[in-house]
Amino acid sequence: MPTVYVATSKGLAAWGSDVGLTKYIYKVGLAATDAEAAVRELNDSAYAGQTDWKLARKQDGIDADEATLLARVAAKEKAVDPTYYPRIKNTTGIFKLKIANVESQLLVQQALKGEDPHLVKVKSADIALYLINLATQA
């Protein structure tokens with residue numbers, strides 16, 4: 001059963017901040033069975049020049065291919081173009097996020113729950129959930 005996952009790398013985040021992208025850079029991918037094995041493969045192959053990938057979040061039971069999932073995320077967030085950055089050449093699924101979009105989603109969720117909307121500090125788990133929701137929405 002395919003699993004969509006979100007992975008993060010502190011080294012890639014630091015690089016993104018240094019080159020002027022943003023420090024909020026995440027990898028979205030689809031694993032055939034096990035997301036943990038997919039992240040180990042990212043580390044073993046030094047994906048995007050990094051070996052410190054960590055699984056941020058996963059969701060099982062996805063009924064779409066990876067291209068469809070990445071297109072759904074790309075409709076809302078900007079994919080990092082590997083042709084402009086030699087360090088991440090031959091990579092796919094790396095997105096830079098606007099934290100304002102994540103904050104907006106959190107505020108809307110609070111309002112829909114009937115809570116008094118208030119701005120909260122965005123955590124990595126919130127960002128990963130946001131990306132999973134974007135990828136899995138139909």
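The first residue in the sequence is number 1, and the count goes up from there.
Heavy atoms only, all atoms of each residue included: Gly11 and Gln50 are closest at CA-OE1, 3.3 Å. Nearest approach of Gly16 to Ile25, heavy atoms of both residues: CA-CD1, 3.6 Å. The minimum heavy-atom distance linking Val6 with Ala128 is given by the pair CG2-O, 3.9 Å. Heavy atoms only, all atoms of each residue included: Ser17 and Lys23 are closest at CB-CB, 4.1 Å. Listed here is the closest heavy atom pair of Asp52 and Lys10: OD2-N, 3.3 Å. Considering all non-hydrogen atoms of both residues, Leu30 and Ala64 come closest at CD2-O, 3.4 Å.
Annotation: side chain of Val28 is not in contact with side chain of Leu134 (no heavy-atom distance under 4.5 Å). Considering only heavy atoms from C-beta on, Val120 comes within 4.5 Å of Gln110 through its side chain. In this structure, Tyr130 and Asn133 have side chains that are not in contact, with every pair of non-hydrogen atoms separated by 4.5 Å or more. Under the 4.5 Å side-chain criterion, counting only non-hydrogen atoms from C-beta, Tyr24 is not in contact with Val122.
The closest donor-acceptor contact from the side chain of Thr3 to the backbone of Thr33 lies under 3.5 Å. The backbone N or O of Arg40 lies less than 3.5 Å from no partner atom in the side chain of Asn43, so there is not a single donor-acceptor pair.
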>> Show, in sequence, the C-alpha distance, side-chain angles and deciding distance for Thr91 and Val80, and conclude whether the side chain to side chain contact (heavy atoms under 4.5 Å, CB included) test is met.
In response: CA-CA 9 Å; Thr91 62; Val80 178; over 6 Å; no

> Given Tyr5 and Leu42, is the side chain to side chain contact (heavy atoms under 4.5 Å, CB included) satisfied, shown in steps?
Replying inline: CA-CA 12 Å; Tyr5 67 91; Leu42 292 177; 4.1 Å; yes

> Could you walk me through whether Gln109 and Leu106 pass the side chain to side chain contact (heavy atoms under 4.5 Å, CB included) check?
Replying inline: CA-CA 5 Å; Gln109 287 175 350; Leu106 290 173; 3.9 Å; yes

>> Go through it in stages, so that I can follow the logic: the residues are Ile88 and Trp15, the test is side chain to side chain contact (heavy atoms under 4.5 Å, CB included), and I'd like the CA-CA distance, side-chain angles, deciding distance and then a yes or no.
In response: CA-CA 11 Å; Ile88 60 169; Trp15 169 81; 4.2 Å; yes

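When the side chains of ILVMFWY residues are joined at heavy-atom separations under 4.5 Å, either directly or via intervening members, Tyr84 and Val19 end up in a single hydrophobic cluster. Linking ILVMFWY residues whenever their side-chain heavy atoms come closer than 4.5 Å, directly or via other members, leaves Leu119 and Ile99 in distinct clusters. By the rule that hydrophobic residues join a cluster once side-chain heavy atoms approach within less than 4.5 Å of another member, Tyr47 and Leu55 end up as members of one cluster. Transitive grouping of hydrophobic side chains (ILVMFWY, heavy atoms separated by less than 4.5 Å) brings Val102 and Ile132 into a common cluster. Hydrophobic clustering (ILVMFWY, side-chain heavy atoms < 4.5 Å, transitive): Leu97 and Leu12 are in distinct clusters.
Side-chain contact annotation: Glu77 with Tyr26, donor-acceptor N/O pair under 3.5 Å absent. Using modelled atom types and a 3.5 Å distance limit, the side chains of Ser104 and Asn101 yield no donor-acceptor pair.
Within a 6.0 Å sphere centred on CG of Asp63, heavy atoms belonging to other residues, nucleotides or ligands number 12 at most.
When Thr136, Val73, Leu131 are each tested for a side-chain contact (heavy atoms from CB on, under 4.5 Å) with Val4, only one passes: Thr136.
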